[in-house]
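For reference, the structure is listed below as structure tokens.
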Amino acid sequence: MPITLASWNVNSIRARMPQIESWLASRPVDILALQETKVPDPLFPAEYFRERGFVPVYRGQAAYNGVAILSREPVSSVAAELGPAFTDCRFLSAATAFGFHLVNLYAPNGDTLESDKFNYKCTWYGALLARIQELLRIHPHLALVGDFNLAPADRDVYDPDAFRESVLTDRRIRNFLQELEALGFVDTFRHLYPDAIAYSWWDYRKGAARRGEGLRIDLILLSRALLPKLRHAGIAGDIRSFPRPSDHAPIWAELDP
DNA sequence: ATGACAAGCTTCGCTTGA
């Protein structure tokens, strides 16, 4: 049986419990990384997931950010600190029982190119890159998943001209992905489907999902050592037509055990 | 030039998201 690794920016785990339940029923997963849980740790619905056979690890805060890993098997070496300068909950790494180390990330959006938030996004990505370099030396079988707030190429954007000066497509941000690729990481979906047009996020406004106007900003990257195990990858875009959806779809990859 | 949806907190209005 292949191992299913999935990632989903749920935009509030408490608001999204019905959708999480129905998606997990339609596609059983072995390990699921969540972003934007928007819940402090004491209020995380840990018991709900334990009752359904998951080991939950999570690091959240009120209102914003928040990351979690739900695993069918115990995890170890859990780390949530990216550095003293980063107090927001956007990073969670763990050793899994599925033959790889996992990093779950929720990259800052960056607001506008001129904003302090964009400077923070660049600083954050710099720290992430340093951490990944360290981790990769120790754990060559490394999966890097989450909401990157980064569209790798113009074909990942429904209207590239409209996003030409965007914090999601800016050269400095795309360079961080290229640095990861230089370390040997591969964008699994793009690797399997070089020409596919598929998105993982749609604006809630303007009927963007219905019109097919989205972005592919959620990614599952596998290290060079782990890539030979990749069998399938996909984006569960149909989740967007369900009631009260997240603005992001779950993404998944199947790996050989 | 602007808002449009959605969620949570600052809760009947504001901030943030992407």
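Keep in mind that what you see is a predicted model, and the values were worked out from it rather than measured. Numbers restart at 1 for each chain; the letters A, B, ... are given by sequence-line order, proteins then strands.
At the heavy-atom level, Tyr106(A) lies under 4.0 Å from the strands shown only through sugar-phosphate atoms. Counting any heavy atom pair closer than 4.0 Å across all strands shown, Asn9(A) reaches sugar-phosphate atoms only and no base atom. Asp218(A) comes within 4.0 angstrom of no nucleic acid atom, judged by non-hydrogen atoms across all strands. Among the atoms of the strands shown, only primed sugar atoms or phosphate atoms (P, OP1, OP2) are found under 4.0 Å from some heavy atom of Lys117(A).
OP1 or OP2 of dG17(B) has not a single side-chain nitrogen or oxygen of His248(A) nearer than 4.0 Å. Phosphate proximity of dA18(B) to Asn149(A): present, with a side-chain N or O under 4.0 Å from OP1 or OP2.
Between Tyr120(A) atom OH and Asp88(A) atom CG the span is 3.0 Å, to the nearest 0.5 Å.
For Trp23(A) and Trp8(A), the distance between ring centers is under 6.0 angstrom. Aromatic pair Phe148(A)/Tyr106(A): ring centres not closer than 6.0 Å.
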Using the salt bridge (charged side-chain N to carboxylate O under 4.0 Å, His left out) rule, take Asp170(A) and Lys121(A) through it: C-alpha gap first, then chi angles, then the decisive distance, then the call. CA-CA 11 Å; Asp170(A) 185 82; Lys121(A) 182 177 192 175; over 6 Å; no

Annotated protein contacts, base or backbone, on nucleotides 2-10 of chain B with a non-hydrogen cut-off under 4.0 Å, one of B, S, - each: --BBSSSSB

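For residues 203-239 of chain A, no residue pair satisfies the ring-ring contact (aromatic ring centres under 6.0 Å, His included) rule, not counting sequence neighbours.
dT11(B) and dA1(B) have their P atoms separated by 34 Å, given to the nearest Å. Here the separation of dA7(B) from dT2(B), taken at their P atoms, is 26 Å to the nearest Å.
There is a side-chain donor-acceptor pair under 3.5 Å between Asn11(A) and Lys38(A).
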